[in-house]
Enquirer: 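Structure below; questions to follow.
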Amino acid sequence: MVIKSPVGNSISCKGWQQEGLLRLLLNCLDPDIAKAPEELVAYGGRGKVARDIESLKAIVNALMNLENDETLLIQSGKPVGVFRTFEYAPRVIMAGALLVPHWSNWEYFHKLEEKGLTAYGQSTAGSWAYIGTQGILQGTWETFGQVAKRHFGGTLKGRMVLTSGLGEMGSAQPLAIAANGGVAIVADADRTIVKKRLMSSTIDIMADSLEEALKIAKEYITREEPVSIGVCGNAADVYGYFVSHKIIPDVVTDQTPAHDLESYIPSGLSPREAHLLAEEDPERYEKMVMETIRRHVRAMVELKNRGAVVFDYGNNLREQGRRAGIEDAFCFPGFAAEYIRPLFCEGRGPFRWVALSGDPEDIYKTDEVILSIFKGDTRLHDWLNFVERRFMFHGLPARVCWLNYKERSVFGKIINEMVASGKLKAPIAITRDHMDAAAVASPFRETEAMKDGSDAIADWPVLNALLNCSSGATLVGIYQGGGVGIGYSIHSGVTVIADGTEKAQERLDHVLKADPALGVIRYADAGYDMAREIIKDSDFPAKVVN
Amino acid sequence: MGDFLKDYARKGFLKDLLFNDIVSVRDIWELQKILNIEHLPDAVMVVTIDNYYSDTINKSEIQKQAIRVKVYECLKRCAEELDAMVVNMEENLFAVLFRIEKDRVSEVEYSVNAGAYLKERVERETGISVSAGIGRRYKDIMDLHLSYKEALSACHHKFFLGKSQVIHIDNVLPFSEDLGLYSVEVESQLSVRVLACDEEGAINILRELMGDTLQQKAINPLTMKTRLIEIITTLMRVAVEAGADQENLAVLSGKCVEEILKSDTMTALQSLMQQAIKGVIQEVYQGRKRMNLEVFEKALNYIRDNFKKPITLEEVSDHVHISPYYFSHGFKNFTGMNFIDYVTKLRIDEAKKLLLTTDMSVGDVGKQVGYYDPNYFGRVFKNVVGMPPSKFKVSKKVRLERIFSEG
């Protein structure tokens with residue numbers, strides 16, 4: 001059975017608020033978007049949209065019968081009740097994968113999952129807001145944009161970025177680096193993956209050797225032209241080569257699967273050999289992995305000491321390096337704390353909207369509007385230009401743009417007006433990733449090394465969810481374990497359906513102001529100056545009490 | 001835009017998609033809208049007419065066009081039923097861009113069914129045998145050109161499988177570039193056979209060689225064709241050295257190379273190679289024959305200049321630098337008579353002339369034409385002419401006089 005979202009103008013629910021959520025839910029299972037739709041898995045390992053097929057059917061049925069003043073409750077992917085609430089209350093609220101902290105680990109979680117008591121929703125799978133890989137691309141693009149802004153005057157032109165890993169997440173790197181003007185050298189231990197990325201033009205050139213890659217890189221750097229060069233090689237060996245040959249790239253990072261040691265390939269082995277060894281002699285395999293990680297991290301530390309901008313890209317590499325015996329593994333920062341935090345301080349985060357009509361034209365029209373209202377924003381222009389050129393829509397067409405606390409509500413209003421006036425063929429769902437300013441507590445990533453030490457404080461995402469409920473969002477959910485696994489994060493998701501009505505406008509105005517404003521307050525509270533300045537603004541949408 | 005123009009523009013759009021010539025996804029979408037293409041395709045199949053080149057070699061360009069149009073029109077009609085689009089990419093290559101309906105069967109199964117349906121319909125409705133190669137599904141339109149490349153590659157496997165095939169790239173092994181079979185030894189063995197004008201032997205070697213390859217089915221046809229062209233070229237060089245006509249071989253070589261490159265199936269290639277080798281052997285043979293002409297002309301001249309002296313076969317063969325045995329054999333082929341008979345004929349003719357035009361005695365005439373024993377001359381003369389020399393001289397003279405007096 002193939003599940004796809006309905007498209008077009010006629011609806012099967014009692015209103016567009018419900019219909020919008022139904023379409024988002026089914027869209028997460030579109031075979032061109034979802035990782036394993038037959039198992040209800042949207043993405044990210046085992047991120048499920050519903051607990052099981054019966055739950056999915058029950059949810060669809062409940063949504064189709066849901067009145068405009070009722071609220072459906074979802075407990076870890078299973079519908080548990082419909083309550084009479086208010087018209088402005090959310091139509092769906094959810095809680096997923098939450099455990100009492102003492103028992104909050106994978107082992108216990110899996111036991112409960114086996115009993116059918118819970119489900120892992122990752123982030124946007126559980127809250128039905130997954131839209132495919134555009135989000136990853138935008139996040140990576142934004143990160144390298146911040147690297148450029150912080151260190152190189154806003155562009156990576158003429159800069160060499162050394163990185164590794166061309167898997168699902170990592171393959172956004174060469175595109176993002178080249179789109180920011182830079183020269184990327186990306187190593188992957190699997191030749192077939194490098195070849196695959198070449199075929200799909202994710203990398204521009206596949207070099208036969210590191211020497212050749214460097215030669216090509218040099219040419220492009222001299223001409224200040226962007227290019228991405230893929231090379232087959234183990235990250236530890238490649239980074240080591242740079243150190244021993246005294247070649248210092250401008251930027252060094254990596255996206256090897258260091259967080260999942262079973263997928264990390266030890267130096268000297270092909271992917272196939274690594275796989276065999278892991279099965280036949282796991283101990284020896286782990287020893288080899290740790291030795292490779294040690295050399296990998298050692299080289300990154302060395303390159304940092306020699307002047308490269310080095311950061312961890314959220315794959316737990318530093319921690320693994322520390323375990324492998326590199327004492328100063330944490331001498332380079334994580335990407336979230338270093339490059340995403342300044343964005344969170346101004347309430348800027350992974351805002352996205354989805355055309356429920358299914359027609360790409362609706363998204364292209366909103367692209368044009370957003371470009372006209374934020375004329376001076378060259379980053380936005382660059383991003384839209386890039387993504388329109390390279391990215392094909394799958395399932396319901398969607399767009400991701402990082403907007404700040406002011407921009408979100410302005411744009412939300414315009415979208416609702418476009419729906420009302422018929423400029424768009426059907427309503428738009430406005431949503432975001434969970435990795436937003438107030439929406440996430442994740443001490444290994446987004447809230448690493450907070451200024452006041454509040455890394456593990458999880459009140460903020462809970463408050464965020466409660467506030468979004470109070471503000472009239474169409475869907476609100478609170479989850480744990482997204483991105484970094486059970487026990488390591490708590491986060492909330494939100495969606496509002498812009499159906500062109502005045503009521504929707506009221507919902508949008510409240511939610512799109514409150515949601516990012518709480519983020520600014522969270523960072524002001526943690527002592528970040530930029531956030532502290534913003535909350536002093538006369539038009540800041542909340543009264544700051546302390 | 002009129003329908004006619006739209007149809008034309010649509011073909012251009014499809015070609016651009018397959019050549020990966022459109023740089024922006026948004027442009028693709030805009031074009032899709034303008035050209036009324038409801039769904040973008042996500043997989044490609046290529047269809048070729050089997051043995052097109054060899055079957056149309058003697059047909060006019062209009063005839064060839066008519067065949068292509070027939071297939072194209074039929075393909076287009078049938079493809080529409082599958083919500084697919086057709087565009088001609090090369091003289092004998094149509095691309096069918098289609099969309100895989102995933103909900104029923106697997107991607108490969110769906111594609112192969114679609115391919116088989118199109119193939120059967122075209123064959124039934126046009127009577128023309130076609131084959132299809134099919135690429136994988138790519139969900140990103142910017143990757144559609146990869147499916148096209150795969151379809152082309154799948155279609156190359158027809159070479160080993162024979163005509164009227166539907167081949168999905170997932171169902172064939174990638175071609176190897178290994179040509180272990182085509183060793184240098186093969187060339188020298190074939191050269192020996194060609195020089196000996198041993199057609200049967202040469203063709204047996206070839207058959208064995210290609211039979212082995214056919215079993216493997218995994219060698220890239222282009223690589224194989226290149227190697228076979230190399231072998232033919234070597235054989236032609238050997239032939240030239242053996243005296244074959246260079247110009248004829250150049251014509252043969254041009255024709256061979258073109259036909260080998262365009263050969264559609266292994267069977268066709270095999271027969272082409274046989275023809276080529278036969279052709280080369282024929283040229284070697286003709287060359288030999290021509291060379292013989294020159295040798296024997298020279299021998300005859302020598303004989304004509306020297307028949308009045310005692311002359312032997314060994315002496316003449318030595319003069320033209322070939323063995324007495326071969327000379328004797330070849331001489332008979334060339335003149336239709338053996339050496340002794342030929343010399344005798346020359347001598348007797350000359351003797352007749354001398355008897356009629358001079359007053360020389362029979363004995364002197366005999367000596368003059370190389371017979372030193374008058375009795376022997378007399379016997380030979382009588383054998384050849386039917387009367388002794390003396391009688392010949394008298395009777396001929398009388399007859400001649402009568403003729404002239406009457407005249």
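Proteins come first, then strands; the chains are lettered A, B, ... in the order of their sequence lines, and each starts at number 1.
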Enquirer: Side chain, backbone, both or neither: which part of B:Ile28 has a heavy atom under 4.5 Å from chain A?
Expert: neither

Enquirer: Around atom NZ of B:Lys139, are there more than 12 heavy atoms of other residues, nucleotides or ligands at under 6.0 Å?
Expert: yes

Enquirer: Using non-hydrogen atoms only, which part of A:Tyr364 is less than 4.5 Å away from chain B: side chain, backbone, both, or neither?
Expert: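 Looking at A:Tyr364, backbone and side chain both touch chain B.
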
Enquirer: Write out all pairs satisfying side-chain hydrogen bond (donor to acceptor under 3.5 Å, both in side chains) with one or both partners inside residues 165-174 of chain A, taking only residues at least two apart or from two chains.
Expert: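 For residues 165-174 of chain A: A:Thr163-A:Gln173.
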
Enquirer: Quick one: of B:Ile141, B:Asp140, B:Asp143, who has the most non-hydrogen atom pairs under 4.5 Å with chain A?
Expert: B:Asp140

Enquirer: Measuring heavy-atom distances to chain A, does B:Leu146 have an atom under 4.5 Å in its side chain, in its backbone, in both, or in neither?
Expert: side chain

Enquirer: Would you indicate whether B:Tyr8, at its atom OH, is surrounded by more than 12 heavy atoms from other residues, nucleotides or ligands within a distance under 6.0 Å?
Expert: no

Enquirer: Please report the shortest heavy-atom distance between A:Glu388 and B:Arg26, naming the atom on each side.
Expert: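 In terms of heavy atoms, the two residues are closest at OE2-NH1, 2.9 Å.
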
Enquirer: If you count every heavy atom of other residues, nucleotides or ligands that lies below 6.0 Å from A:Lys423 atom NZ, does the total exceed 12?
Expert: no

Enquirer: After noting the C-alpha distance and the side-chain angles of A:Met392 and B:Trp29, does the key distance pass the side chain to side chain contact (heavy atoms under 4.5 Å, CB included) rule?
Expert: CA-CA 9 Å; A:Met392 186 191 176; B:Trp29 180 78; over 6 Å; no

Enquirer: Output yes when B:Lys33 and A:Asp359 qualify as a salt bridge under the 4.0 Å nitrogen-oxygen rule, no when they do not.
Expert: no

Enquirer: With sequence neighbours left out, write down each residue that passes ring pair (Phe, Tyr, Trp, His ring centres under 6.0 Å) with B:Phe94, or none if nothing qualifies.
Expert: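 B:Phe94: no ring pair (Phe, Tyr, Trp, His ring centres under 6.0 Å) contacts found.
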
Enquirer: Flag the one option from A:Pro360, A:Ser201, A:Ser200 with the top tally of heavy-atom pairs under 4.5 Å to chain B.
Expert: A:Pro360

Enquirer: Considering residues, nucleotides and ligands other than A:Lys196, do more than 12 of their heavy atoms fall under 6.0 Å from its NZ?
Expert: no

